[in-house]
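The structure appears right after this line, and notes come after that.
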There are 2 protein chains.
Amino acid sequence: MPIQKQLPVLDQECCAPLVRQPLGTGEAAELARVLKALADPVRLRLLSLIGAHEGGEACVCELTGVFDLTAPTISHHLKVLREAGLIDAERRGTWVYYWVVPVTLNRLAGLFVPDLAASSSR
Amino acid sequence: MPIQKQLPVLDQECCAPLVRQPLGTGEAAELARVLKALADPVRLRLLSLIGAHEGGEACVCELTGVFDLTAPTISHHLKVLREAGLIDAERRGTWVYYWVVPVTLNRLAGLFVPDLAASSSR
DNA sequence: ATACAGCTTAGATATCTGTCAAATTAGAGT
DNA sequence: ACTCTAATTTGACAGATATCTAAGCTGTAT
């Protein structure tokens, strides 16, 4: 009975969970909220810059220069990412530091990849 | 030299690629385009319904009833998903059938999970 | 042919969103 | 106290978006 054993394995490893089981209304609303925060070129790059930055965090002053945008605009995008739970921030003296919240990113990952149960940090 | 061997492994398996290396401007723009298509509760559910439907495809007539929206609105959302390359469609007689394009979904998956090189179908 | 059902397109509208300039807050260092 | 720098908030505005109604298109069946 090799077939019976093969199917369950495929069931776990194949295909994005998103397209394996219909998403509920509530789930969809919540996920859309987070995806919407991510679905912007500037915010994608901001998140990426913050996450990839040395120490896993970045000061706003290190982010503004990268873009051809004013400080208020960057601040706005950071706020959107923050309210979506994708990043968090803390003021330390003169500067404000931002870092990525792994849990929220992993929730999105769970849409595309099965079995990501307890992913590691960062 | 166990450390030298361990680091490269972590480098491959840990953390979303998105937050490991800064995203380029072009990449970010392209990804944002696809994410924006996905970042809507109705479209998330549509994609999920289509993908999870028997045979991997669904007729529009099977989708409209699920939502409290008019047919033109559903049609609009399907068009957005289609133009993002997330789904494709074909008319067969009276009905139009939609199915998920795995390649595009996998490109998104690659943001969150490393090493997803050649993922399987659907 | 005519009518009907499935689906899309076109046009209209209210809401949301990205951006900037100006004003505001918060801390550091004279 | 004052000033300078870092960052956010506010207000305004142009452009995008989600939704609807009405109209159009494309097959099937009578």
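Here is the naming used below: chain letters follow the sequence lines, and residue numbers restart at 1 for every chain.
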Atom pairs and distances, side-chain donor-acceptor, residues 72-87 of chain B, under 3.5 Å, sequence neighbours left out:
{"unit_1": "B:Thr73", "atom_1": "OG1", "unit_2": "B:Thr70", "atom_2": "OG1", "d": "3.1"}
{"unit_1": "B:His77", "atom_1": "ND1", "unit_2": "B:Arg43", "atom_2": "NH1", "d": "3.0"}
{"unit_1": "B:Arg82", "atom_1": "NE", "unit_2": "B:Asp88", "atom_2": "OD1", "d": "3.4"}

For atom CH2 of A:Trp95 and atom P of D:dT5, their distance in whole Å: 13 Å
Spacing between A:Lys36 atom NZ and D:dA16 atom P, to the nearest angstrom: 17 Å
Dump every N/O contact between nucleotides 24-30 of chain D and the protein below 3.5 Å, one line per pair.
none

Counting any heavy atom closer than 4.0 Å, what does [X] reach on the DNA or RNA strands: base, sugar-phosphate only, or nothing?
X: A:Leu69; answer: sugar-phosphate
X: A:His76; answer: base
X: A:Tyr98; answer: sugar-phosphate

B:Leu46 vs B:Val66, side chain to side chain contact (heavy atoms under 4.5 Å, CB included): CA-CA, chis, key distance, verdict: CA-CA 9 Å; B:Leu46 277 173; B:Val66 177; over 6 Å; no
Distance-minimising heavy-atom pair for B:Ala58 and B:Leu63: CB-CD2, 4.2 Å
Flag side-chain contact, heavy atom, 4.5 Å: B:Val103 against B:Asn106: no
Sub-4.5 Å side-chain heavy-atom contact between B:Leu105 and B:Leu47: yes
Spacing of [X] atom [atom1] and [Y] atom [atom2] [to the nearest 0.5 Å]:
X: A:Leu38; Y: A:Arg33; atom1: CG; atom2: CZ; answer: 12.5 Å
X: B:Lys36; Y: A:Asp40; atom1: NZ; atom2: CG; answer: 5.5 Å
X: A:Leu44; Y: B:Leu18; atom1: CG; atom2: CG; answer: 6.5 Å
X: B:Leu31; Y: B:Leu111; atom1: CG; atom2: CG; answer: 5.0 Å

Opening and closing nucleotides of DNA chain C in contact with chain A, under 4.0 Å to non-hydrogen atoms: C:dT17 to C:dA28
Terminal axes of the helix from C:dA1-D:dT30 to C:dT30-D:dA1 (five pairs each): angle between them, nearest 10 degrees: 10°
Sorted by number, the residues of residues 37-48 of chain A with heavy-atom contact under 4.0 Å to DNA chain D: none
Presence of A:Ser75 side-chain N/O under 4.0 Å of D:dT8 phosphate oxygens OP1/OP2: yes
Donor-acceptor pair, side chain of A:Ser48 and main chain of B:Val19, under 3.5 angstrom: no
Where at least one partner belongs to residues 91-103 of chain B, residue pairs that pass salt bridge (Lys or Arg N to Asp or Glu O under 4.0 Å), sequence neighbours excluded: B:Glu57-B:Arg92, B:Glu90-B:Arg92
Salt bridge (Lys or Arg N to Asp or Glu O under 4.0 Å) contacts in which one or both residues fall within residues 97-110 of chain B, not counting sequence neighbours: B:Glu30-B:Arg107
Residues that A:Thr25 engages under side-chain contact (heavy atoms from CB on, under 4.5 Å), provided they are two or more places apart: B:Arg45
Using nucleotides 10-15 of chain D, report all nitrogen or oxygen pairs with the protein that are shorter than 3.5 Å.
none

Of all pairs that satisfy disulfide (SG to SG under 2.5 Å), the ones with a partner from residues 28-84 of chain B, not counting sequence neighbours: B:Cys59-B:Cys61
Any pair counted as ring-ring contact (aromatic ring centres under 6.0 Å, His included), so long as it reaches residues 79-100 of chain B, sequence neighbours left out: none
Pairing residues for A:Phe112 by the ring-ring contact (aromatic ring centres under 6.0 Å, His included) criterion, not counting sequence neighbours: B:Phe112
